[in-house]
Asker: 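Got a structure here, written out as structure tokens. Questions coming.
Proteins get letters first, then strands, A, B, ... in listed order; numbering begins at 1 in each.
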Protein chains: 2
Amino acid sequence: MSSTRVLILGVLLDGPLHGYEVRRRLELWGADQWAHVAFGSIYHGLAKMAEEGLLRRLGEGTGGRTRYEITEAGRAEFMRLLMKHWWEIRPIVDPFQVALTFMDRLSPADLVAAMEGRAAQLRAAIEMTERAMAAKRAHGAPRHVDETLKLNAAQLKAQLEWIEDALRRVEKGELP
Amino acid sequence: MSSTRVLILGVLLDGPLHGYEVRRRLELWGADQWAHVAFGSIYHGLAKMAEEGLLRRLGEGTGGRTRYEITEAGRAEFMRLLMKHWWEIRPIVDPFQVALTFMDRLSPADLVAAMEGRAAQLRAAIEMTERAMAAKRAHGAPRHVDETLKLNAAQLKAQLEWIEDALRRVEKGELP
DNA sequence: TGACAGCTACTCAAGTTTGAGTACAAATTT
DNA sequence: AAATTTGTACTCAAACTTGAGTAGCTGTCA
């Protein structure tokens, strides 16, 4: 269910890399924006999957750079996990939904301030995403990676519209 | 950063409960849809926060039901975390973004099938959410909890629109 | 009445994530 | 040329999540 494994396997499809390179590649694709790709997770994933035979350890041990190569079993597992990610509608785990659940625990003034602040941040984030898309990045990342930005912007916009509507209702006293 | 703590503290604001009741209450609010609230997480969170003085252990030990009561420190921590959740725009961690990143690794036929399948699932999910909202749930959950459904539906719709557009482009050969 | 399902309440091991820390090399500044 | 910063490559403990497992209790239905 975790996405870390697919990401690591996917990055290694085109050739062996070591942990640091895996991380850099994922950053290039913008994966740090929508996944947990801290160093710890990557090194853990590499070690675990090597143990399971999905990867093959290439370089030297501790200290030097250890490179990992994907095995046939690893390729099969990648495909299996990729399909799963396409077909499974896993509800988005969003900390903002948590905030929403307890909107009645804030004073009206705090609530309005929080909503306005969030709306402003969302507008900024959407604008940044649109600028990034216009800049065409293309610094080695495949073209279709732009699509993740596009989808992300669309979802941020949906959240912004919801906030703008909810803000009106809070001001009218209809919420919470 | 984790949402589990806010959810547990928030549920305990109105009176002591034991682990199983905490889970049921969260389910009632639909939190199982957008957060990690497996039993293990809840019992772990309760034990940890009791140790830290955010909760007070009430009932007996193992075997019987152990009830937990929120302390003053716990209420303060709840407010702190709630504010953080309102103000922080944490990029949504979405497994579907992972699927998207590797869209070029599927055969065109598999890709189209996956996209069509997903679109169908999204339409069903949106309809279900809308029905749930129409049914007015109100089985003890506060009214504003409907808002989480509404926001969720809006985000699902954004994803559906993206897929419908991308599907056209895949068929025209513009993607990936 | 006894057997079987289903609910309540919790435990535990294995896996995963976090985030700070280490260590050394290359580049840059003073 | 010494000092400082920046970048590369990795480690580790502590925290968190998962999911299967356990164990008692309450119907219920033949």
Asker: By nearest heavy atom, map B/Gly40 and B/Tyr20 onto DNA chain C; which one lands nearer the 5' end?
Answerer: B/Tyr20
Asker: Checking contacts here: which listed nucleotide (D/dT17, D/dT8, C/dT11) is nearest the side-chain heavy atoms of A/Arg24?
Answerer: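 So the nucleotide nearest the side chain must be D/dT8.
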Asker: Any ion pair linking A/Glu127 and A/Arg131 (charged N to carboxylate O, less than 4.0 Å)?
Answerer: yes
Asker: Might you confirm whether atom CZ of A/Arg25 has over 12 heavy atoms from other residues, nucleotides or ligands at distances under 6.0 Å?
Answerer: no
Asker: Using a cut-off of 4.0 Å on non-hydrogen atoms, how would the nucleic acid contact of B/Arg5 be classed: base, sugar-phosphate, or nothing?
Answerer: sugar-phosphate
Asker: Does a nitrogen or oxygen in the side chain of A/His18 sit under 4.0 Å from OP1 or OP2 of D/dA9?
Answerer: yes
Asker: The side chain of B/His36 is closest to which nucleotide in this list: D/dT18, D/dA15, D/dC10?
Answerer: D/dT18
Asker: Can you check the B/Tyr43 OH to D/dA23 P distance for me, whole Å?
Answerer: 16 Å
Asker: Could you tell me the separation between the CG atom of B/Leu17 and the C1' atom of C/dC10, rounded to a whole number of Å?
Answerer: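 The distance from CG of B/Leu17 to C1' of C/dC10 comes to 16 Å, rounded to the nearest Å.
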Asker: Choose from D/dT11, D/dC16, C/dT16 the nucleotide whose nearest atom is closest to any side-chain atom of A/Ser2.
Answerer: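 Ranking D/dT11, D/dC16, C/dT16 by closest atom to the A/Ser2 side chain puts C/dT16 first.
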Asker: Ignoring hydrogens and geometry beyond distance, is a side-chain donor-acceptor pair present between A/Gln155 and B/Trp162 at under 3.5 Å?
Answerer: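 Side-chain D/A pair, A/Gln155 to B/Trp162: absent.
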Asker: Are any of B/Thr4's side-chain N or O atoms less than 4.0 Å away from OP1 or OP2 of D/dC16?
Answerer: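 Indeed not, no polar side-chain atom of B/Thr4 lies that close.
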Asker: A/Leu7 has an atom CG; how far is it from atom C1' of C/dT16, in whole Å?
Answerer: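 The answer, rounded to whole Å, is 14 Å.
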Asker: Any idea which of C/dA9, C/dT17, D/dT17 is nearest the B/Arg65 side chain?
Answerer: C/dA9
Asker: Using only heavy-atom distances, determine whether the side chains of B/Tyr68 and B/Arg56 contain a donor-acceptor pair under 3.5 Å.
Answerer: no
Asker: When you get a sec, tell me which of C/dA9, D/dC16, C/dT16 is the closest nucleotide to the side chain of B/Lys48?
Answerer: D/dC16
Asker: Rounded to whole Å, how long is the line connecting atom CD1 of A/Ile42 with atom P of D/dC12?
Answerer: 18 Å
Asker: Side chain of A/His44 only, please: which of D/dC16, C/dC10, C/dT17 is the nearest?
Answerer: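 In terms of side-chain proximity for A/His44, the closest of D/dC16, C/dC10, C/dT17 is C/dT17.
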Asker: Could you tell me whether a side-chain N or O of A/Trp34 sits under 3.5 Å from a main-chain N or O of B/Asp94, the two making a donor and an acceptor?
Answerer: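 Not confirmed, A/Trp34 side chain does not pair with B/Asp94 backbone.
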